[in-house]
A.B. asks: 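Let me begin by handing over the structure; questions about it come next.
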Amino acid sequence: MEKKVRVRFAPSPTGPLHIGGVRTALYNYLFARHHGGVFILRIEDTDQKRLVPGAEEYIIESLYWLGLQYDEGPDMGGDYGPYRQSERRQLYLEYAQQLIDRGHAYYAFDTPEELEQMRTALKERGVQSPKYDASVRKQMRNSLTLPSSEVEAMIEAGVPYVVRLKVMPGEEIAFDDVVRGRVVFQSDSLDDKVLVKADGMPTYHLANVVDDHLMGITHVIRGEEWLSSTPHHVLLYRSFGWADAMPLFVHLPLILKPSGKGKLSKRDGVVGGFPVFPIAWREGESYYEGYREVGFLPEGLNNFLAFLGWNPGDEREIFTIEELAEAFSLERVQVSGARFDYHKALWFNQQHIARSPIERLVKLVKPFVEDRHGPVEEEWLARVVDLMRERMQTLRDLAVQASYFFVEDYPIDEIELRKRWSAEARDWIEQVIRIVERVESFEAEKLAAEVKSWMREAGIKAGRILPLLRLAWTGTLKGPDLWATAELLGKERCLKRLHRFLRFTVERQTASKD
RNA sequence: GGCCCGUUCGUCUAUCGGUUAGGACACCGGGUUUUCAUCCCGGAAAGAGGGGUUCGAUUCCCCUACGGGCUGCCA
């Protein structure tokens with residue numbers, strides 16, 4: 001019997017969830033669901049200095065919007081809590097003490113200035129990578145060099161200290177990463193990592209290992225940026241005597257900038273004009289739109305993100321979250337980083353919009369429309385959505401591109417109008433007004449038939465008159481089928497707009513003659 | 001600089017020693033459409049370089065080049 005899968009997403013509340021973090025959460029979620037396992041949210045708030053108010057709530061709301069429901073977490077509890085590291089502080093200190101007692105860790109009293117001196121001194125002597133390790137710890141001020149009485153006295157007196165991991169030189173540390181295979185490090189290249197900081201909080205390394213062990217985590221699925229500190233974690237598992245129950249490590253490839261140079265950052269979104277956060281984030285004067293605000297469906301984002309570093313092995317592309325969970329496997333996770341491509345994200349979203357039931361789209365599109373154009377009836381919106389859906393990449397597109405369905409003061413593309421206008425145009429429009437007035441049941445097909453037969457008799461080419469009608473009715477040359485649009489607008493409105501169009505063009509002509 | 005990881009069309013990727021190297025996005029051309037979008041058809045487009053191993057390498061190994069990550073009392 002295999003051990004039940006337990007995975008965790010462990011963000012630190014130092015700001016909004018970044019798109020790379022979202023993908024990590026997604027992979028954890030998919031893996032847990034695929035195996036009928038448990039998905040845990042753990043808040044890694046051990047850095048008190050970088051804590052950002054609201055960040056934890058932001059993370060929780062984001063996961064909720066994305067549909068990545070966790071089974072255990074700070075806001076819902078669970079059998080392995082608390083799920084906020086700041087609330088587990090005492091626990092870490094006890095485990096750190098255990099390490100000290102067993103000689104795997106020690107106290108260090110060096111000040112930041114002394115550390116800086118040590119590093120520059122080593123650099124001057126030509127040391128490649130200056131670090132606090134076996135070769136220098138004998139020259140530093142720590143419980144390995146100081147007499148125990150003095151150490152005790154300093155601690156008693158409240159002299160700030162940290163606890164460091166004692167890395168033994170000359171060892172080989174290897175582990176089998178699920179996506180990368182065997183990775184080997186020499187302990188000589190590792191430093192004596194700080195385990196407990198001077199403020200009494202653990203560092204990521206200690207807290208992470210203690211929690212993963214205590215919470216029964218079976219697979220540590222995280223970004224590649226953690227690969228280099230994994231040997232330290234392995235050492236910790238060994239030092240605690242947990243080596244046999246060590247979780248499997250899964251280091252995910254990074255999401256790169258569109259240029260491919262470096263990992264995606266907040267700045268890239270600003271520069272490239274796309275969101276890098278799942279939902280909106282406010283930071284002082286700055287406001288960052290999220291995927292939710294620009295009109296993404298959560299399944300559109302999830303689908304896109306899932307494919308950034310993973311594929312099902314066949315040629316299917318469009319997946320619901322349930323289908324993703326069904327198909328997901330760590331074996332098919334890519335090894336190298338993937339560039340972020342907003343075009344592709346939009347395409348995935350468009351595909352999901354095309355597959356969504358109208359009723360759902362109406363509910364989702366409504367706030368976008370109302371935000372821009374005021375209250376709107378769902379019945380009416382449903383008809384607009386039905387007509388517009390296949391040209392929507394985002395939920396917001398409809399509100400922006402089809403304002404003429406909601407207001408009368410939609411803009412008219414004057415550049416196109418000037419190009420399309422001709423001497424006969426006025427007369428044509430008047431003819432169309434007469435036809436529209438005459439059509440008793442105002443339906444797309446009937447209207448089209450009437451107008452077209454008149455066009456045929458009068459010998460008018462479609463390309464000369466139809467764009468004008470479209471401009472009159474919608475103000476733009478882009479949009480759904482002209483006759484369907486007219487039917488939806490209704491006879492009254494079509495007539496009103498044709499008359500207004502004539503007045504408008506008269507004004508334009510007089511204006512241009514002056 | 002050091003340590004670690006990586007390298008197939010412009011981009012995301014399939015291929016688990018033998019394929020005309022497949023798909024998708026983007027792009028180009030054509031069809032449908034009054035238009036834009038959708039949709040359909042077609043096109044151009046790839047194994048970083050060099051050594052091995054092998055009857056045979058995109059696939060396995062090594063080197064080089066290039067790219068990325070880490071190098072904090074941040075995660």
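Convention: sequence-line order gives letters A, B, ...; per-chain numbering from 1. Keep in mind it's a predicted model, so treat the numbers as computed, not measured.
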A.B. asks: How would you label the contact of A:N208 with the nucleic acid (heavy atoms, under 4.0 Å): base, sugar-phosphate, or nothing?
C.D. replies: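 Nothing, no heavy atom under 4.0 Å.
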
A.B. asks: For B:U19 versus B:A57, give the span between their P atoms, rounded off to a whole number of Å.
C.D. replies: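 Pairwise P distance, B:U19 against B:A57, rounds to 11 Å.
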
A.B. asks: Among side-chain atoms of A:D47 and A:Y204, is any donor-acceptor pair under 3.5 angstrom?
C.D. replies: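 No pair is found: no donor N or O on one side chain lies under 3.5 Å from an acceptor on the other.
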
A.B. asks: Who passes side-chain hydrogen bond (donor to acceptor under 3.5 Å, both in side chains) against A:K197, sequence neighbours left out?
C.D. replies: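 side-chain hydrogen bond (donor to acceptor under 3.5 Å, both in side chains) list for A:K197, sorted by chain: empty.
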
A.B. asks: Rounding to the closest angstrom, what is the interatomic distance between B:G43 and B:G69 at atom P?
C.D. replies: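 My reading of the P atoms in B:G43 and B:G69 gives 39 Å.
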
A.B. asks: Given that both distances must come in under 3.5 Å, which nucleotide forms a Watson-Crick or G-U wobble pair with B:C16?
C.D. replies: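 Per the H-bond distance test, none.
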
A.B. asks: Within the 4.0 Å heavy-atom criterion, would you say A:G223 contacts the bases, only the backbone, or no part of the nucleic acid?
C.D. replies: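 A:G223: no heavy atom of the nucleic acid under 4.0 Å.
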
A.B. asks: Now, which nucleotide makes the Watson-Crick or G-U wobble pair with B:A57, with each of the two distances under 3.5 Å?
C.D. replies: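 B:A57 is unpaired by these criteria.
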
A.B. asks: Hunt down the Watson-Crick or G-U wobble partner of B:U7, both distances under 3.5 Å, from any strand shown, or write none.
C.D. replies: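 Its partner is B:A65 (Watson-Crick or G-U wobble, both distances under 3.5 Å).
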
A.B. asks: Please output the side-chain donor-acceptor pairs of residues 443-457 of chain A that fall under 3.5 Å, not counting sequence neighbours, one pair per line with the distance.
C.D. replies:
{"from": "A:K446", "atom 1": "NZ", "to": "A:S441", "atom 2": "OG", "distance (Å)": "3.0"}
{"from": "A:E450", "atom 1": "OE1", "to": "A:R438", "atom 2": "NH2", "distance (Å)": "3.4"}
{"from": "A:S453", "atom 1": "OG", "to": "A:E450", "atom 2": "O", "distance (Å)": "3.3"}

A.B. asks: Would you indicate which nucleotide in B:U34, B:A37, B:C74 comes nearest to any side-chain atom of A:R50?
C.D. replies: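 Comparing B:U34, B:A37, B:C74 against the side chain of A:R50, the answer is B:C74.
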
A.B. asks: With sequence neighbours left out, what residues match A:D481 under side chain to side chain contact (heavy atoms under 4.5 Å, CB included)?
C.D. replies: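 So A:D481 forms a side chain to side chain contact (heavy atoms under 4.5 Å, CB included) with A:W483, A:A484.
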
A.B. asks: Take the protein atom CD of A:Q351 and the nucleotide atom C1' of B:A24, then report the distance between them rounded to whole Å.
C.D. replies: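 A:Q351 atom CD is separated from B:A24 atom C1' by 10 Å.
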
A.B. asks: Give A:R332 one of three labels, base, sugar-phosphate or nothing, depending on what nucleic acid heavy atoms sit under 4.0 Å from its own.
C.D. replies: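 Since only primed, P, OP1 and OP2 atoms lie under 4.0 Å of A:R332, the category is sugar-phosphate.
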
A.B. asks: Using a strict 4.0 Å threshold on nitrogen-to-oxygen distance, state whether A:E224 and A:K263 make a salt bridge.
C.D. replies: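 No.
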
A.B. asks: Starting at atom CD of A:E114, determine the distance to atom P of B:G72, rounded to an integer number of angstrom.
C.D. replies: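 Interatomic distance, CD of A:E114 to P of B:G72: 17 Å.
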
A.B. asks: Distance alone, cut at 3.5 Å: any donor-acceptor contact between the side chains of A:Q85 and A:D211?
C.D. replies: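 Result is yes, a qualifying pair exists.
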
A.B. asks: My understanding is that only residues two or more places apart in sequence, or in another chain, count here; which of them pass side chain to side chain contact (heavy atoms under 4.5 Å, CB included) with A:V179?
C.D. replies: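 Listed in chain order: A:D177, A:V250, A:V333.
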
A.B. asks: Dump the pairs, protein N or O against N or O of nucleotides 42-50 of chain B, anything under 3.5 Å, distances to one decimal.
C.D. replies:
none

A.B. asks: Hey, is the side chain of A:N311 poking within less than 4.0 Å of OP1 or OP2 on B:A14, counting only N and O atoms?
C.D. replies: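 Yes, because at least one side-chain N or O of A:N311 sits under 4.0 Å from OP1 or OP2 of B:A14.
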
A.B. asks: Does A:D341 have any side-chain hydrogen bond (donor to acceptor under 3.5 Å, both in side chains) partners at least two apart in sequence or in another chain, and if so, which?
C.D. replies: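 Testing A:D341 for side-chain hydrogen bond (donor to acceptor under 3.5 Å, both in side chains), a comparison that skips the adjacent residues, returns none.
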
A.B. asks: List every contact pair, protein side and nucleotides 2-11 of chain B side both N or O, where the distance is under 3.5 Å.
C.D. replies:
{"from": "B:C5", "atom 1": "O2'", "to": "A:R180", "atom 2": "NH1", "distance (Å)": "2.5"}

A.B. asks: When you measure from the side chain of A:E390, which nucleotide among B:C73, B:A75, B:U38 comes out closest?
C.D. replies: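 Closest of the options to the side chain of A:E390: B:U38.
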
A.B. asks: Which residue lies toward the 5' end of RNA chain B, A:D481 or A:D45, if each is placed at its nearest nucleotide?
C.D. replies: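 Nearest-nucleotide comparison on RNA chain B picks A:D481.
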
A.B. asks: If pairing requires Watson-Crick or G-U wobble contacts with both distances under 3.5 Å, which nucleotide is the partner of B:C70?
C.D. replies: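 Base partner found: B:G2.
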
A.B. asks: What integer number of Å spans the C1' atoms of B:U8 and B:C4?
C.D. replies: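 Going atom to atom, C1' in each nucleotide, I get 24 Å.
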
A.B. asks: Kindly say whether the aromatic ring centers of A:Y58 and A:W281 come within a distance under 6.0 Å.
C.D. replies: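 Yes.
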
A.B. asks: Sequence neighbours left out, what passes side chain to side chain contact (heavy atoms under 4.5 Å, CB included) with A:P411? Give chain and number order.
C.D. replies: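 Partners of A:P411 under the side chain to side chain contact (heavy atoms under 4.5 Å, CB included) test: A:S403.
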
A.B. asks: With a 4.0 Å cut-off on heavy atoms, is A:P160 in touch with a base, just the backbone sugar-phosphate, or nothing at all?
C.D. replies: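 Touches nothing.
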
A.B. asks: Take atom CH2 of A:W454 and atom C1' of B:U34, then tell me their distance rounded to the nearest Å.
C.D. replies: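 Taking CH2 of A:W454 and C1' of B:U34, I get 13 Å after rounding.
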
A.B. asks: Mind checking the C1' distance from B:U54 to B:C62? Whole angstroms is fine.
C.D. replies: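 Roughly 16 Å separates the two C1' atoms.
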
A.B. asks: B:G22 and B:U15: how far apart are their P atoms, nearest whole angstrom?
C.D. replies: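 To the nearest whole Å, 14 Å.
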
A.B. asks: Between B:G47 and B:C41, how far is it from one C1' atom to the other, in whole Å?
C.D. replies: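 Result for the C1' pair: 29 Å, nearest Å.
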
A.B. asks: Between B:C36, B:G69, B:C74, which nucleotide gets closest to the side-chain atoms of A:E225?
C.D. replies: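 Looking only at heavy atoms from C-beta outward on A:E225, the closest nucleotide is B:G69.
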
A.B. asks: Could I get the full list of side-chain hydrogen bond (donor to acceptor under 3.5 Å, both in side chains) partners for A:N303, not counting sequence neighbours?
C.D. replies: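 Once residues adjacent in sequence are excluded, the partners of A:N303 under the side-chain hydrogen bond (donor to acceptor under 3.5 Å, both in side chains) criterion are A:H352.
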
A.B. asks: When you get a sec, tell me which of B:A75, B:G68, B:C73 is the closest nucleotide to the side chain of A:L254?
C.D. replies: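 Closest of the options to the side chain of A:L254: B:G68.
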
A.B. asks: Can you name the side-chain hydrogen bond (donor to acceptor under 3.5 Å, both in side chains) partners of A:T394, sequence neighbours left out?
C.D. replies: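 By the side-chain hydrogen bond (donor to acceptor under 3.5 Å, both in side chains) rule, A:T394 matches A:D397.
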
A.B. asks: If you check the A:E315 side chain, which of B:C73, B:A75, B:G22 turns out closest?
C.D. replies: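 The closest nucleotide is B:G22.
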
A.B. asks: With a 3.5 angstrom cut-off on both distances, give the Watson-Crick or G-U wobble partner of B:G29, or none if there isn't one.
C.D. replies: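 Looking at the geometry, B:G29 pairs with B:C41.
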
A.B. asks: In residues 10-27 of chain A, what donor-acceptor pairs under 3.5 Å come from side-chain atoms, sequence neighbours left out?
C.D. replies:
{"from": "A:S12", "atom 1": "OG", "to": "A:T14", "atom 2": "OG1", "distance (Å)": "3.3"}
{"from": "A:H18", "atom 1": "ND1", "to": "A:G20", "atom 2": "N", "distance (Å)": "2.8"}
{"from": "A:H18", "atom 1": "NE2", "to": "A:L264", "atom 2": "O", "distance (Å)": "2.9"}
{"from": "A:R23", "atom 1": "NH1", "to": "A:P253", "atom 2": "O", "distance (Å)": "3.3"}
{"from": "A:R23", "atom 1": "NH1", "to": "A:L308", "atom 2": "O", "distance (Å)": "2.7"}
{"from": "A:R23", "atom 1": "NH2", "to": "A:P253", "atom 2": "O", "distance (Å)": "2.3"}
{"from": "A:T24", "atom 1": "OG1", "to": "A:G20", "atom 2": "O", "distance (Å)": "3.2"}
{"from": "A:Y27", "atom 1": "OH", "to": "A:A306", "atom 2": "O", "distance (Å)": "2.8"}
{"from": "A:Y27", "atom 1": "OH", "to": "A:L308", "atom 2": "O", "distance (Å)": "3.3"}
{"from": "A:Y27", "atom 1": "OH", "to": "A:W310", "atom 2": "N", "distance (Å)": "3.4"}

A.B. asks: Checking all strands, does A:S12 fall into the base, sugar-phosphate, or nothing category for heavy-atom contacts under 4.0 angstrom?
C.D. replies: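 Sugar-phosphate only.
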
A.B. asks: Does anything in residues 259-269 of chain A come within less than 4.0 Å of RNA chain B? Heavy atoms only, and list the residues if so.
C.D. replies: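 Under 4.0 Å from RNA chain B: A:G260, A:K261, A:G262, A:K263.
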
A.B. asks: Base, sugar-phosphate, or nothing: which does A:P11 touch, judged by heavy atoms less than 4.0 Å apart?
C.D. replies: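 The answer is nothing, as A:P11 stays clear of every strand by at least 4.0 Å.
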
A.B. asks: Please report the distance separating the C1' of B:G10 from the corresponding atom of B:A44, rounded so that it comes out in whole Å.
C.D. replies: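 The answer is 12 Å between these two C1' atoms.
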
A.B. asks: Across the strands shown, which category fits A:D314 at heavy-atom distances under 4.0 angstrom: base, sugar-phosphate, nothing?
C.D. replies: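 No contact.
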
A.B. asks: So, A:H251 versus A:R180: side-chain donor-acceptor pair below 3.5 Å or not?
C.D. replies: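 A:H251 vs A:R180: no donor-acceptor pair found between side chains.
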
A.B. asks: How far, in whole Å, is B:U13 from B:A46 if one measures between their C1' atoms?
C.D. replies: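 Those two atoms are separated by 12 Å.
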
A.B. asks: A:K257 side chain N/O closer than 4.0 Å to the phosphate oxygens (OP1, OP2) of B:G69?
C.D. replies: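 So the side chain of A:K257 is outside the cut-off, no N or O lying under 4.0 Å from OP1 or OP2 of B:G69.
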
A.B. asks: What does A:T46 touch in the nucleic acid at a heavy-atom separation under 4.0 angstrom: a base, only the sugar-phosphate, or nothing?
C.D. replies: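 Sugar-phosphate contact only.
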
